[in-house]
Protein chains: 2
Amino acid sequence: MNEIGIFKGIDEQNVKYMLKCFQAKTISYKKDTTIISNLANTNIIGIIISGNANLIRNDYNGNRIVLEKLEKGSIFGEVFSSYSDELSVIATEDCSVITFDYEHIIKRCKKSCPHHNEVINNMLQILAKKVSVMNNRIDVLTKKTIREKLLEYFSIQEKENISKTFYLKLNYTELADYLGVDRSALMRELKNLKNEGFIETKLNKIKLLY
Amino acid sequence: MNEIGIFKGIDEQNVKYMLKCFQAKTISYKKDTTIISNLANTNIIGIIISGNANLIRNDYNGNRIVLEKLEKGSIFGEVFSSYSDELSVIATEDCSVITFDYEHIIKRCKKSCPHHNEVINNMLQILAKKVSVMNNRIDVLTKKTIREKLLEYFSIQEKENISKTFYLKLNYTELADYLGVDRSALMRELKNLKNEGFIETKLNKIKLLY
DNA sequence: AAATAGGTGTTGCATTTGCAACAATTTTAA
DNA sequence: TTAAAATTGTTGCAAATGCAACACCTATTT
């Protein structure tokens, strides 16, 4: 529990205490069930304790778009997001989830839990991290050609992995979505990059040759 | 002062008290001077009190990109951003700026200023707002064609202005950058939308006809 | 084991886009 | 007020991209 973002650095004992204070609920969900619907209109914060889930946006056309993949330790609902579209969280595996009201974070409780400050600090860190991740994506998306987008994306992966060889965390269909381009066009450009000797690929393994 | 994001809702008296406690400095800068350089490697938070400035990224090629336009009340440095490129803040007008160390926000002072909680809450709100703004941009950028990007952008403006008629806050050169497209191609698509009767434009005034 | 679904890889073709270059207009500075 | 700079508006053309369609392969489900 205390490796998890929001409670990072707080000892087990105190985490339990705070969760009680926050009136947090732990609930288990079966695969493919809805953990929470209409997330944008709630003040709920959720933490995935085990299993995986997806944060989904139901487009105005009824299209379902995966906004975020949530895994153990992921937090959702930390941003009372201004989406007018419906957001929901769906279990992609059996999973276990803690939820509590966002109010408990900002309004400090009467008991004044000794580690409340740390929770808030962690919360700021998490949001800042989120901004940073989104900045990366915007950097990639603003590149004009698929080639430039790919190279920017690779450069970020290279930095994160501190290596010119790394494994993609997204499959190619997802990568195309992430880059905002057509999948077949992505594959084509990937092939070009290979033919011109910029990269080597083997399934989801990428090696940069420059 | 107490309309400004981070001190919103706190009375003048207490704001002054906190600024002292935060060891905040107020400095004036002439137009085109550097307010802070290498922002990414500091823990400084700045607030623009008067005038305008730009948050600039110095690209690896030496290109200067405007990341954010800062105006009265704007905050910079709130995210210890993970940019490896150099960030700096440049005055685009004479301006006056308050700066203090980020530490003061998270580590509460010994005097335990009575409104420290509100500052933190405001800080969370600001970051959340930032995430929401970035989400909007990502939504626009992931659209595949210039037309779709424009329509998504217009739709966001329409919501924000609660009106089908509004004035663009960006000029067309900036809008092209924002959308990540070529400016001339943007103008062309704008003309198409006009010819097909979707919109009317008059300089930076847009009227949606659908 | 067979059937189904999901992801990968490829291609032709029409469309969209970026690029370059320039004129016209507006804004800003001298 | 004039000159200079910035922004808007246009166009031809080559290049990049999306789209559709299909084959192939690999998981997952029945």
Side-chain angles (χ1 to χ4, degrees), chain A residues 30-32 52 54 56 61 63-66 69 90-94 140-153 167-196 198-206, chain B residues 30-32 51-52 54 61 63-66 69 90-94 140-153 167-196 198-206:
Chain A
K30 287 281 167 202
K31 182 178 177 182
D32 294 326
N52 291 314
N54 281 340
I56 302 279
N61 296 322
N63 305 342
R64 309 178 113 216
I65 303 170
V66 176
K69 293 180 158 194
I90 313 280
T92 51
E93 289 180 5
D94 288 7
V140 168
L141 286 171
T142 43
K143 295 284 179 291
K144 289 206 181 69
T145 63
I146 295 181
R147 171 168 299 212
E148 284 177 302
K149 284 177 190 182
L150 272 172
L151 294 179
E152 179 71 20
Y153 181 76
Y167 294 84
L168 296 175
K169 281 161 282 187
L170 305 173
N171 66 40
Y172 287 114
T173 307
E174 291 168 332
L175 182 57
D177 283 345
Y178 182 87
L179 303 180
V181 301
D182 181 75
R183 188 191 57 82
S184 71
L186 168 68
M187 301 303 282
R188 178 166 44 205
E189 196 55 37
L190 224 36
K191 195 171 62 173
N192 293 344
L193 284 170
K194 273 192 275 190
N195 290 341
E196 294 173 38
F198 288 109
I199 61 169
E200 280 174 8
T201 75
K202 195 179 178 187
L203 284 174
N204 67 334
K205 181 180 175 183
I206 308 279
Chain B
K30 287 279 166 202
K31 182 178 177 182
D32 294 327
N52 291 313
N54 280 341
N61 296 322
N63 306 342
R64 308 177 115 216
I65 304 170
V66 176
K69 295 181 156 193
I90 315 279
T92 51
E93 290 180 4
D94 289 7
V140 168
L141 286 170
T142 43
K143 295 284 179 290
K144 290 207 180 67
T145 63
I146 295 181
R147 171 167 298 212
E148 285 176 303
K149 284 177 190 183
L150 274 172
L151 293 179
E152 180 71 21
Y153 181 77
Y167 293 84
L168 296 176
K169 281 161 283 187
L170 305 173
N171 66 39
Y172 288 114
T173 307
E174 292 168 330
L175 182 57
D177 283 345
Y178 181 88
L179 303 180
V181 301
D182 181 76
R183 187 191 59 81
S184 70
L186 168 69
M187 301 303 282
R188 178 167 40 206
E189 196 55 38
L190 223 37
K191 193 171 61 174
N192 292 343
L193 284 170
K194 272 192 274 189
N195 290 342
E196 295 173 38
F198 287 109
I199 60 170
E200 279 174 9
T201 75
K202 195 177 178 187
L203 286 174
N204 67 336
K205 181 180 176 183
I206 307 278

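Numbers restart at 1 for each chain; the letters A, B, ... are given by sequence-line order, proteins then strands. Below, all heavy atoms of this structure are taken into account, side chains as well, without hydrogens, waters or symmetry copies.
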Participant: Would you call Glu200(B) and Lys205(B) a salt bridge, taking side-chain N to carboxylate O under 4.0 Å as the test?
Facilitator: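 Salt bridge: no.
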Participant: Looking at Glu174(A) and Lys169(A), does any basic side-chain N land under 4.0 Å from a carboxylate oxygen?
Facilitator: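 A salt bridge is absent here (no side-chain N lies under 4.0 Å from a carboxylate O).
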Participant: Could you tell me the separation between the OH atom of Tyr172(B) and the P atom of dT26(C), rounded to a whole number of Å?
Facilitator: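 Those two atoms, OH and P, are 14 Å apart.
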Participant: Nearest whole Å is fine: how far is dA15(D) P from Asp182(B) CG?
Facilitator: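 Rounded to whole Å, this separation is 16 Å.
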Participant: Indicate, with a heavy-atom threshold strictly under 4.0 Å, whether Leu190(B) touches base, sugar-phosphate, or nothing.
Facilitator: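 Answer is nothing: Leu190(B) stays at 4.0 Å or more from every strand.
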Participant: Kindly indicate whether the side chain of Arg183(A) and the base of dG18(D) share any N or O donor-acceptor pair separated by less than 3.5 Å?
Facilitator: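 Answer is no: no donor-acceptor pair is held.
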Participant: Quick one, Ile56(A) and Ile65(A) - any side-chain contact, counting heavy atoms below 4.5 Å?
Facilitator: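 A side-chain contact under 4.5 Å is absent here.
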Participant: Identify whether the distance between the nearest side-chain nitrogen and carboxylate oxygen of Arg147(A) and Glu196(A) falls below 4.0 Å.
Facilitator: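 A salt bridge is present here (some side-chain N lies under 4.0 Å from a carboxylate O).
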Participant: Could you go through nucleotides 28-30 of chain D and list every protein N or O atom that sits under 3.5 Å from one of its N or O atoms, giving the distance for each pair?
Facilitator:
none

Participant: Whole angstrom is fine here: how far is it from NZ in Lys143(B) over to P in dT16(C)?
Facilitator: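 Interatomic distance, NZ of Lys143(B) to P of dT16(C): 18 Å.
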Participant: Can you tell me if Thr92(A) and Lys31(A) form a side-chain donor-acceptor pair at under 3.5 Å?
Facilitator: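 Side-chain D/A pair, Thr92(A) to Lys31(A): absent.
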Participant: For dA6(D), take OP1 and OP2 only and decide whether either is under 4.0 Å from a side-chain N or O of Asn171(B).
Facilitator: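 Asn171(B) to dA6(D) OP1/OP2: no side-chain N or O under 4.0 Å.
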Participant: Any side-chain heavy atom of Ile206(B) within less than 4.5 Å of one from Tyr167(B)?
Facilitator: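 Heavy-atom side-chain distance check fails, nothing below 4.5 Å.
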Participant: Quick check on DNA chain C: between Lys144(A) and Lys191(A), whose nearest nucleotide comes earlier from the 5' end?
Facilitator: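 Nearer the 5' end of the strand: Lys191(A).
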Participant: In whole Å, what is the span from the CD atom of Glu189(B) to the C1' atom of dG18(C)?
Facilitator: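 After rounding, the gap between these two atoms is 14 Å.
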Participant: Please report the distance, rounded to the nearest Å, between CD in Glu148(A) and P in dT17(D).
Facilitator: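 Computing the Glu148(A):CD to dT17(D):P distance gives 9 Å.
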Participant: Met187(B) has a side chain; which of dT8(D), dT17(C), dT17(D) sits nearest to it?
Facilitator: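 Of dT8(D), dT17(C), dT17(D), dT8(D) is nearest to the side chain of Met187(B).
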Participant: Categorize Arg188(A) for me: base, sugar-phosphate, or nothing, with a 4.0 angstrom heavy-atom threshold over every strand shown.
Facilitator: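 Base, at least one base atom sits under 4.0 Å.
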Participant: What is the distance, rounded to the nearest whole Å, between atom CD of Glu174(A) and atom P of dG7(C)?
Facilitator: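 Distance check: Glu174(A) CD to dG7(C) P gives 7 Å.
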Participant: Under 4.5 Å between any side-chain heavy atoms of Tyr153(B) and Leu175(B), yes or no?
Facilitator: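 When only atoms from C-beta onward are counted, Leu175(B) and Tyr153(B) do touch, with a gap below 4.5 Å.
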Participant: In whole angstroms, how far is the P atom of dG9(C) from the CG atom of Leu186(A)?
Facilitator: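 About 10 Å, once rounded to whole Å.
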Participant: Among the nucleotides dC19(D), dG18(D), dT8(D), which one has an atom lying closest to any side-chain atom of Ser184(A)?
Facilitator: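 Side chain of Ser184(A) sits closest to dC19(D).
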Participant: Starting at atom CZ of Arg147(A), determine the distance to atom P of dA15(D), rounded to an integer number of angstrom.
Facilitator: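 Nearest whole value for this atom pair: 14 Å.
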